[in-house]
Amino acid sequence: MKFNKHLESIKTYEAGKPIELVVREFGIEPKDIVKLASNENPYGVSPKVQEAVKDIVANMALYPDDSMIKLKSGLAKRFLVQEENIIIGSGSDQVIEFIIHAKANEQTKILTNSVTFAMYDIYAKHVGAKVIKTASREHDLEEFYELYTQEKPSIIFLCTPNNPTGDAIDAQSLIEFVEKIDNDTLVVVDGAYMEYAKVKDKTKALEPKGLVKQFDNVIYLGTFSKAYGLGGMRVGYGIAQKNIIEELYKLRPPFNITTLSLEAASVALEDEEFVQESIKKNFEEMVRYEEFAKEYNLETISSYTNFITLLFSKHNSSEIADALLKKGMIVRDLAGYNLNAIRITVGTPKQNSRFFELIKPLLS
Ligand SMILES: *Cc1c(COP(=O)(O)O)cnc(C)c1O
């Protein structure tokens, strides 16, 4: 059977291995499995969210509120923008899909960092757009600008802080960069880990309000899957000037967010204390990884997120990741990104201790 020819070049996205698969493949008890592979919040979600969703569970016959007014007004208040500036997606993944389908096609190009979030590539392939990549491992805006002038892409993705490397772009430099970009090129600022960067270093902090006010060609993306602890609920958002949001809305399927997810995200947004507390613990625990890397002579990239990348010179990252997996420790092998490295989500103190305990024998 013939399918859309664009699909031929797509390799199915491989998400972090779910706990359920490790249970089945290696016969390890779920309680003995630690998943530090998808950058979820290891402290879970605010207890207020768990309380609030109970009422929803009792009443699920009706379709969700498709205006998403509660969540949109919460986001508008948080970011000091108007509701008309916001689109909500089933994860910010879905907003990335809308953006690429709205703006790119077989004749257009998309510019991204060499190592970055894999979904940009996958959605680009959906529409047959050509992806141009910089050479540097970390974002280098001069290189981006050079490729922009040569290639005239219709979309530029700036992922800051970047997944899977953890580096972040200086906020002022990013603004100066966008000032030089023609307004028919859409600049996507993917801030999936911005809550973490903001705490670690103010010079990396980007506010959607300023971006949207100054630029008619920028969209800022955020998600509830990381710092807010709602990976299982699938809620993300895009913030941009109204005319961009209106175009993206044409691609949105109705009821793309469930009632449960809308309520969970709305309530999570109100409990900022929970989020800030998890971020604080994240950076306290990250120090242990930095010290570990130093002790074992492993290169790391300074991380503004809730994960850390360990680069190997004497070992093979896939072998290390496999050996850890067999012991119930799920981390992300970055061999597929052409890095001999693994990415580890910073877990709870106990989870991190377990990681060190399991990896040490593999390195000696
Ligand atoms: C996790 C992540 C997203 C989106 O996550 P969703 O769960 O789809 O909201 C987007 N960009 C980056 C860089 C991410 O790491």
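By convention here, the first residue in the shown sequence is residue 1. Computed from a predicted structure; not experimentally measured. First listed ligand is number 1; within each ligand, the first listed atom is number 1.
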Should T223 be counted as touching ligand 1, given the test is an N or O pair under 3.5 Å?
-> yes
Can you check whether Y120 has an N/O within less than 3.5 Å of an N/O in ligand 1?
-> no
In sequence, state the C-alpha distance, the side-chain angles, and the governing distance for T345 and R332, and then conclude on side chain to side chain donor-acceptor pair (under 3.5 Å).
-> CA-CA 9 Å; T345 306; R332 191 83 158 137; over 6 Å; no
Check the pair L230, N41 against side-chain contact (heavy atoms from CB on, under 4.5 Å), reporting the backbone distance first and the verdict last.
-> CA-CA 8 Å; L230 288 176; N41 185 337; over 6 Å; no
Are any of the side-chain heavy atoms of T259 and L62 separated by less than 4.5 Å?
-> no
Could you tell me whether ligand 1 has any atom less than 4.0 Å away from a heavy atom of Y193?
-> yes
Run the contact test for Q94 against ligand 1 with a 4.0 Å cut-off on heavy atoms, strictly below, and give the result.
-> no
Using the rule that two of Ile, Leu, Val, Met, Phe, Trp, Tyr join whenever any of their side-chain heavy atoms come within less than 4.5 Å, decide whether M233 and V49 are in one cluster.
-> yes
Minimum-distance pair of heavy atoms, taken over all atoms of E285 and N352 = OE1-ND2, 2.8 Å
Ligand 1 atoms in contact with S225 (distance to a heavy atom under 4.0 Å) | 6 (P), 7 (O), 9 (O)
Atoms of ligand 1, numbered as shown, that sit under 4.0 Å from any heavy atom of N163 = 13 (C), 14 (C), 15 (O)
I need the nearest protein heavy-atom contact for [atom]: residue, atom name and distance, please.
| atom | result |
| --- | --- |
| atom 8 (O) of ligand 1 | R234 NH2, 2.9 Å |
| atom 4 (C) of ligand 1 | S92 OG, 3.1 Å |
| atom 13 (C) of ligand 1 | C159 SG, 3.4 Å |
| atom 11 (N) of ligand 1 | D190 OD2, 2.7 Å |
| atom 2 (C) of ligand 1 | K226 NZ, 2.5 Å |

Under 3.5 Å: donor-acceptor pair, side chain of T348, backbone of Q351 | yes
Go through R137 and I301 one step at a time and tell me if the side-chain contact (heavy atoms from CB on, under 4.5 Å) criterion holds.
-> CA-CA 10 Å; R137 187 181 66 193; I301 303 168; 3.5 Å; yes
Please step through side-chain contact (heavy atoms from CB on, under 4.5 Å) for the pair L186 and I244, ending with a clear verdict.
-> CA-CA 9 Å; L186 182 60; I244 296 177; 3.8 Å; yes
